[in-house]
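Here's the structure we're looking at; comments come further down.
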Number of protein chains: 2
Amino acid sequence: MAPAGRPRTFDRDEALKKAMLVFWDKGFEGTTMSDIIDAIGMKAPSVYAAFGNKDALFDEVVQLYAGIFYEGPLKALNSADDIGDAIEHCLKAHIEMFTGQEGACSCLLLTAANNCSPEHQQHVVSLRNLRAGYKGALLARFKRAVADGQLTDDANPESLTEFYATCIQGMAMCSKDGASKKSLLDSCEYALGVLKPFLKKA
Amino acid sequence: MAPAGRPRTFDRDEALKKAMLVFWDKGFEGTTMSDIIDAIGMKAPSVYAAFGNKDALFDEVVQLYAGIFYEGPLKALNSADDIGDAIEHCLKAHIEMFTGQEGACSCLLLTAANNCSPEHQQHVVSLRNLRAGYKGALLARFKRAVADGQLTDDANPESLTEFYATCIQGMAMCSKDGASKKSLLDSCEYALGVLKPFLKKA
DNA sequence: ATATTTTTGTAGGTTGTGTTATATAATTCG
DNA sequence: CGAATTATATAACACAACCTACAAAAATAT
């Protein structure tokens, strides 16, 4: 049943998505609450009533983004049994995320809170933790490939993880600088070539 | 001869370096003038008298940083005649810059002004232009290598440029996340391996 | 020595951003 | 219907950040 009281005239989930796109594009500190409020199309008190404050809203946005992230690159990483396929699908899923949105590009986890004032360091830390968690997932995937006997003995999961994290983050920054999807895919091919010498023949 | 008037009690060049380290670490918007003023160890009016305002100071900092940049990675890129050596020296010079400073790390051109409020977009643009200029230098270097007959016919200067720009920016971001010099050098080796198939035997 | 010039420190002005008080509108419950 | 509850809009508060008047201090020039 509908709750008592005047009903909201906007959709909360839609509003959150709009807020995500703004933060994605302009980062935490680069975004003002006025930007958010304008994007949602409501007035300040309605937005504050729905989301609390800027910090809480950003936290929700990060959660939403992380969910999309898990459904994309992370799922791609862990779906394929072959490590070569897994990395390829994963990188390409990243490129989709970097270039797929209208307005926003690159990666919110990487660019939305790099340099914050001391009172907002929490966001810098939480995004850094998410990135570290993702690196952990990459590492686990390479270790699984070792356990599965898919990689040669001289393959080093730690340094492969670091290399591919480098490529992913680098592509994100290039995308922020306007790189086309095609040029990102070119870089992706080079990056995938690095893994080939370590793949055992099937 | 000394100019008339009370002499400055701090060294302007030293103060500029200190300001650079703060901006390098915390970015343009993440840095307050109080941070700068504290780092320099003077009071606000002295700093403003010496540097104008925050925008002008940041511009000077960027100039200073660009100078260091030209002396490091860019010089390394253009000093060696062999393209393999050039890229290797260049990447390693980047790693030195990413990890060499106390306090600051990563790359000021990449991280100091990603997400600015509209009234400071000038800095986002100027750093983006510097990055684009650097990509141009990379491209020119690869084209020179083609002209010098150092690369195979299937080597594509544009996509090689994009790939190495990706690696450099990726390493910068990893360094900001605390990557060790050793792990950056590991990634660097993988990245250099990408060029090898395109190198003609001497 | 006095005037002139420039720096320094205190203290405060101005603006922009995050947030909220208050009154009004729209809905449900009894 | 009237009471209760929640959303909306206007308008304004609070605080922090950038910047600057003003007066005192420290040097040079005549």
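Keep in mind that what you see is a predicted model, and the values were worked out from it rather than measured. So you know, we letter chains A, B, ... as the sequences are listed, proteins then strands, and number each from 1.
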Find the distance B:D35:CG to D:dC19:P and express it as a whole number of Å. 14 Å

Rounded to the Å, how far apart are B:F23 CZ and D:dC18 C1'? 12 Å

Would you give me the side-chain donor-acceptor pairs under 3.5 Å for residues 62-73 of chain A, sequence neighbours excluded?
{"unit_1": "A:Y65", "atom_1": "OH", "unit_2": "A:L108", "atom_2": "N", "d": "3.3"}
{"unit_1": "A:E71", "atom_1": "OE1", "unit_2": "A:K75", "atom_2": "NZ", "d": "3.1"}

Answer yes or no: does a side-chain N or O of B:Y48 lie under 4.0 Å from OP1 or OP2 of D:dT20? no

Separation of D:dC18 P from B:I37 CD1 (nearest whole Å): 8 Å

Report, as a single string ordered 5' to 3', how protein heavy atoms within less than 4.0 Å touch nucleotides 1-16 of chain D: B base, S sugar-phosphate only, - not at all. ----BBBSBB------

Rounding to a whole Å, what distance do you find between B:K26:NZ and D:dA17:P? 10 Å

Which part of the nucleic acid, if any, lies within contact of A:S117, taking any heavy atom under 4.0 Å across all strands shown: a base, the sugar-phosphate backbone alone, or nothing? nothing

Between A:T32 and A:D35, do the side chains contain a donor N or O and an acceptor N or O under 3.5 Å apart? yes

Distance, rounded to the nearest Å, where B:D55 contributes CG and D:dA17 contributes P: 16 Å

Identify whether the distance between the nearest side-chain nitrogen and carboxylate oxygen of B:K17 and B:D13 falls below 4.0 Å. no

Please report, rounded to the nearest Å, how far the C1' atom of C:dT17 is from the CD1 atom of A:I36. 13 Å

Does OP1 or OP2 of C:dT19 have a side-chain N or O of A:N53 closer than 4.0 Å? yes

How far apart are the closest heavy atoms of B:T152 and B:P197, and which atoms are they? CG2-O, 4.0 Å

Rounded to the nearest angstrom, tell me the gap between atom CG in B:L57 and atom P in D:dA17. 17 Å

Are there over 12 heavy-atom neighbours, none belonging to B:E119, within less than 6.0 Å of that residue's CD? yes

Set of residues satisfying salt bridge (charged side-chain N to carboxylate O under 4.0 Å, His left out) with respect to A:D25, sequence neighbours excluded: none

Please give, in whole Å, the distance from C:dT15 P to B:K54 NZ? 18 Å

Between A:Y134 and A:R131, is there a cation-pi geometry (under 6.0 Å to ring centre, at most 45° from the normal)? no

